[in-house]
Peer 1: 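The structure follows.
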Amino acid sequence: MCSKKLETAASLVRMNSNRTREEIKDMIRDGSATDGINTNMDIGSVTPQDIDDLPWDDEDMTIKRCKWCHEFETDSHILMKCVACKGFNKAWYCNRECQKKQWK
């Protein structure tokens with residue numbers, strides 16, 4: 001998936017953060033994913049498969065993305081989970097440098 005489409009899919013998930021992954025995919029299918037959302041993003045190009053293709057942390061159903069630089073996890077770019085961050089507010093980082101910058 002190209003980075004712009006990945007970004008749009010992640011934004012759609014953020015805008016519907018109170019919904020499950022399956023509910024968001026259903027909303028894409030029925031065309032209601034942007035109801036009540038004022039956006040200029042091309043959300044219409046996002047498919048249910050794009051939502052599945054995001055780098056999900058299946059443990060807490062969040063998207064793996066560096067808390068500092070916002071890079072997504074990929075097969076060749078594995079993020080590290082902050083061991084001090086517990087519960088719902090887990091943080092992922094590219095490396096120790098991103099973690100240090102975020103903590104400043």
Side-chain angles (χ1 to χ4, degrees):
M1 183 178 350
C2 74
S3 61
K4 182 173 170 121
K5 196 166 188 182
L6 187 69
E7 191 69 47
T8 302
S11 294
L12 182 59
V13 170
R14 266 195 317 278
M15 288 184 279
N16 289 284
S17 61
N18 60 327
R19 301 185 191 288
T20 67
R21 184 186 332 186
E22 291 305 314
E23 288 174 327
I24 294 169
K25 290 176 1 184
D26 287 343
M27 291 171 66
I28 290 169
R29 286 183 197 103
D30 71 20
S32 64
T34 59
D35 287 357
I37 298 172
N38 184 8
T39 181
N40 60 354
M41 292 183 294
D42 185 19
I43 290 176
S45 68
V46 176
T47 67
Q49 184 61 51
D50 295 333
I51 300 300
D52 281 338
D53 289 346
L54 288 169
W56 289 94
D57 175 7
D58 290 326
E59 184 178 311
D60 66 1
M61 297 309 297
T62 58
I63 298 170
K64 293 180 184 179
R65 191 172 198 184
C66 180
K67 189 100 171 157
W68 173 251
C69 72
H70 308 291
E71 288 291 321
F72 291 100
E73 181 171 275
T74 65
D75 291 341
S76 62
H77 182 74
I78 304 300
L79 300 181
M80 303 179 321
K81 185 175 10 177
C82 174
V83 295
C85 301
K86 303 221 186 299
F88 185 72
N89 293 321
K90 281 190 229 170
W92 295 90
Y93 296 101
C94 293
N95 52 44
R96 190 112 172 97
E97 287 180 39
C98 282
Q99 186 177 23
K100 285 180 182 179
K101 290 175 183 177
Q102 175 68 26
W103 284 15
K104 284 184 181 180

Peer 1: More than 12 non-hydrogen atoms from neighbouring residues, nucleotides or ligands closer than 6.0 Å to CD on E97, yes or no?
Peer 2: no

Peer 1: Determine the minimum heavy-atom distance between D50 and V46, stating which atoms define it.
Peer 2: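 So the minimum-distance heavy-atom pair works out to OD2-CA, 3.5 Å.
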
Peer 1: Working note: I28 + L12, criterion side chain to side chain contact (heavy atoms under 4.5 Å, CB included); need CA distance, chi angles, decisive distance, verdict.
Peer 2: CA-CA 10 Å; I28 290 169; L12 182 59; 3.7 Å; yes

Peer 1: Run the salt bridge (charged side-chain N to carboxylate O under 4.0 Å, His left out) test against D52 and tell me which residues pass, sequence neighbours left out.
Peer 2: R21, K25

Peer 1: Roughly how far, to the nearest 0.5 Å, is the NE2 atom of H77 from the CD atom of E71?
Peer 2: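 NE2 of H77 is found 5.5 Å from CD of E71.
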
Peer 1: Work out which heavy atom in Q99 is nearest to a heavy atom in C82; give both atom names and the distance.
Peer 2: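 For Q99 and C82, the tightest heavy-atom pair comes out as NE2-SG, 3.5 Å.
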
Peer 1: Crowded around K4 NZ? As in, over 12 foreign heavy atoms under 6.0 Å?
Peer 2: no

Peer 1: Determine whether F72 and I51 fall in the same hydrophobic cluster, where Ile, Leu, Val, Met, Phe, Trp and Tyr are linked whenever their side-chain heavy atoms lie under 4.5 Å apart.
Peer 2: yes

Peer 1: Hydrophobic clustering (ILVMFWY, side-chain heavy atoms < 4.5 Å, transitive) - are L79 and L54 grouped together?
Peer 2: no

Peer 1: Pair C98, K67 - check side chain to side chain contact (heavy atoms under 4.5 Å, CB included), show working.
Peer 2: CA-CA 8 Å; C98 282; K67 189 100 171 157; over 6 Å; no

Peer 1: For R29, what residues pass the salt bridge (charged side-chain N to carboxylate O under 4.0 Å, His left out) criterion, not counting sequence neighbours?
Peer 2: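 Partners of R29 by the salt bridge (charged side-chain N to carboxylate O under 4.0 Å, His left out) criterion, ordered by chain and then number, come out as D26.
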
Peer 1: Any chance you could lay out the side chain to side chain contact (heavy atoms under 4.5 Å, CB included) test for I63 and W92, step after step, and finish with the verdict?
Peer 2: CA-CA 9 Å; I63 298 170; W92 295 90; over 6 Å; no

Peer 1: Side chains of P55 and R65, heavy atoms from C-beta outward: is any pair under 4.5 Å?
Peer 2: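 When only atoms from C-beta onward are counted, R65 and P55 do not touch, as no gap falls below 4.5 Å.
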
Peer 1: Flag yes if more than 12 heavy atoms outside N18 fall under 6.0 Å of its CG atom; otherwise flag no.
Peer 2: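 Above 12, so yes.
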
Peer 1: Considering all heavy atoms of both residues, which atom of R96 and which atom of M80 are nearest to each other, and what is their separation?
Peer 2: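 Scanning both residues, the minimum pair turns out to be N-CE, 3.7 Å.
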
Peer 1: Looking only at the side chains, is there a donor atom on one of R14 and S11 sitting less than 3.5 Å from an acceptor on the other?
Peer 2: yes

Peer 1: Just by distance, do the side chain of W68 and the backbone of K100 share a donor-acceptor pair under 3.5 Å?
Peer 2: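 Judged by distance alone, no pair lies under 3.5 Å.
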
Peer 1: For the SG atom of C69 and the NZ atom of K101, what is their distance to the nearest 0.5 Å?
Peer 2: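 Here the interatomic distance stands at 8.5 Å.
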
